[in-house]
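Read through the structure below, which is laid out as C-alpha cells, and then see the notes.
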There are 2 protein chains.
Amino acid sequence: MARRTDALSKERIVEVATGILDAGGEDALTFRTLTTRLSTGYGAIYHHVANKGELLAAATDEVVSGVIAGLDGGADPREGLRALALGLFDAIDTHPWVGAQLAAQPSRPALLDVYERVGERLHALGVPEPSLFDAAGALVNYVLGVAGQNAANARVLAHDDADRSTYLATVAAQWEDLDPERYPFVRRAATRLADHDDRAQFLAGVDLILAGIGAVHGR
Amino acid sequence: MARRTDALSKERIVEVATGILDAGGEDALTFRTLTTRLSTGYGAIYHHVANKGELLAAATDEVVSGVIAGLDGGADPREGLRALALGLFDAIDTHPWVGAQLAAQPSRPALLDVYERVGERLHALGVPEPSLFDAAGALVNYVLGVAGQNAANARVLAHDDADRSTYLATVAAQWEDLDPERYPFVRRAATRLADHDDRAQFLAGVDLILAGIGAVHGR
DNA sequence: ACCTGAACACCGTTCAAGT
DNA sequence: ACCTGAACACCGTTCAAGT
C-alpha cells in the first residue's frame, strides 16, 4: 500500500482524465488541470498522447469497452440487443461526456465493437444480409442520437446546477407558454414531462426499432 | 442596386456566420473572421448576439426553419414524415455544422418545430397518445444520431481534403484488416462500403422505425 | 443607441533545455 | 527515453472610450 507514484503512462493519463471529466464535465479537462493532477509538464503528456482529441477518444473507448465486456454473450439476441443499448445508455448517464463524444466522433475502436455486437445479434435474429447493415445503422444511430441529447441535458444541468425536477418544470412551463395554434403536440407533451422517465423512453425506442425489424423480416 | 452597406443586425450577422460555416466548417467561425467580414468591432457583434453559442443556435434555427417551411403540409402522413426526415438529412448534408449543432444541443426553437411536425403526423397515422411521445422521440433521436455522424464525416473529409471515394476506400481497408474472429460482421460490412448510399441507408432507417410504429399500433 | 479596438483570461501545443 | 515549463499562437469576451 501507499507505494510510490506510478510512472506516467497512457493508461494513467486516461484514468486521471476520466476522473476530471466525470467530476467537472468536458470544460474541466484542460492540459493545465491534467499536468497539475499528474504533477508533470505538458511535454510529458504529449509524449504519451498525440493531442486532446486522442485523449478524449481513448477515454471514450475505455468506457465503451467496459460496457461491451459486461455483456452476457449467450443471451437471447433480442434481449442481448436491449442489454447492449441499456448498457450504453447507463454508461452515458454516468459519463455524459461519453455521449457527446460518441455523437460527435466516429471514434473507431469503441463503435466498432458496438456495431459488431449489434450485427451479430441481428444476424441471430434472422435479419438477412443486405438489410443487416441498414438495421444495425438504425439501431446504433438511434442510440447515438439519444447519447447526444443526454449529454446536452447533463451540460445544462451541470451549468445551471439546478436539480432535475426543477429543470424539467422550467422546460415544461416554457412549452406550455407556446402558441397553442402552432404547437399543440409540444404543449400536450409538456404535461407529460414531469413524470417522464428518460431510460424507459429510450428503451421504448429500442423496442420500436426491433419491432420494425421484426415486421420487415419475418419475425 | 449597390446600395450602402446594410446596418448591422442579428439577421446580417447570422447570415455572414452561416456563409463562413458553410465555407470553412465550425473552426472557421471566429469573432475575428466575423468582425473582418462585417468590418466592425467585437462589441458591435456582442451588441446583437449574447455569445458564440447563441450565434450558432440562431444559424442552426435558420436552416431548420427553412426545411420546415419547405414541407408540403397536406401530404400523406407517412410520406410527410419521410419528407421531413429527408429534408433534414439534405440540409445537414449541405451544412454539416448544423448536424453537429443539433446532435450536441437541444437548440429549442429549431427542434420544437421538428417535434411538432413529427407528432402531428404520427397522430394522423393513428398512433395513440401515450405512445406518441415515445415514437416521436425515437424518430427524432434517430435523425439526430445520423446528423452527428454526418457532421463527423464531413469534418474528416474537410480536414484531410481527400475525396469521398478514397476516404471510403481507406475505411474499408482498415475494416478488412481487423481480426476476422473478433469482427466478422464489420469485415463483411466493409465490402459493402464502396457502393454504399448514405441517403438511402438513412431513409431505410426511417422506414424501419415507421414499420415498427405500424406494427405496434394497428397499422 | 450603437460601434471601436486594445486588453484580458484562458486555451492547446511546441520546443529548447534538462535528467 | 522521458520529463520540465517558458513561450507561442489563437481563442471568446470585456469594457473604457468614442460617435
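A:Ile92 approaches A:Ala147 most closely through the heavy-atom pair CD1-CB, 3.4 Å. Of all the heavy atoms in A:His95 and A:Val63, the pair that sits closest is CD2-CG1, 3.8 Å. Nearest approach of A:Tyr183 to B:Asp113, heavy atoms of both residues: OH-OD1, 3.0 Å.
Distances shorter than 4.0 Å separate some side-chain N or O of B:His48 from OP1 or OP2 on C:dC3.
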Reading 5' to 3' through nucleotides 12-19 of chain D, protein heavy-atom contacts under 4.0 Å coded B for base, S for sugar-phosphate only, - for none
BBBB----
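Figure legend. C:dG5 is base-paired to D:dC15; pairs are counted as Watson-Crick or G-U wobble with both atom distances under 3.5 Å. The partner of C:dC10, taking Watson-Crick or G-U wobble pairs whose two distances both stay under 3.5 Å, does not exist in any strand shown.
Between the CG atom of B:Leu34 and the P atom of D:dC10 there is a distance of 18 Å, given to the nearest Å. In this structure, B:Leu55 atom CG and D:dC11 atom P are separated by 15 Å, rounded to whole Å.
Residue pairs meeting the side chain to side chain donor-acceptor pair (under 3.5 Å) criterion with at least one member in residues 137-151 of chain A: none, sequence neighbours excluded.
Checked against B:Val14 for a side chain to side chain contact (heavy atoms under 4.5 Å, CB included), the options B:Asp61, B:Thr60, B:Leu56, B:Leu55 give a single hit: B:Leu55.
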Applying side chain to side chain contact (heavy atoms under 4.5 Å, CB included), run through A:Arg155 and A:Glu26 and close with a yes or a no.
CA-CA 9 Å; A:Arg155 206 148 36 213; A:Glu26 294 152 85; 3.1 Å; yes
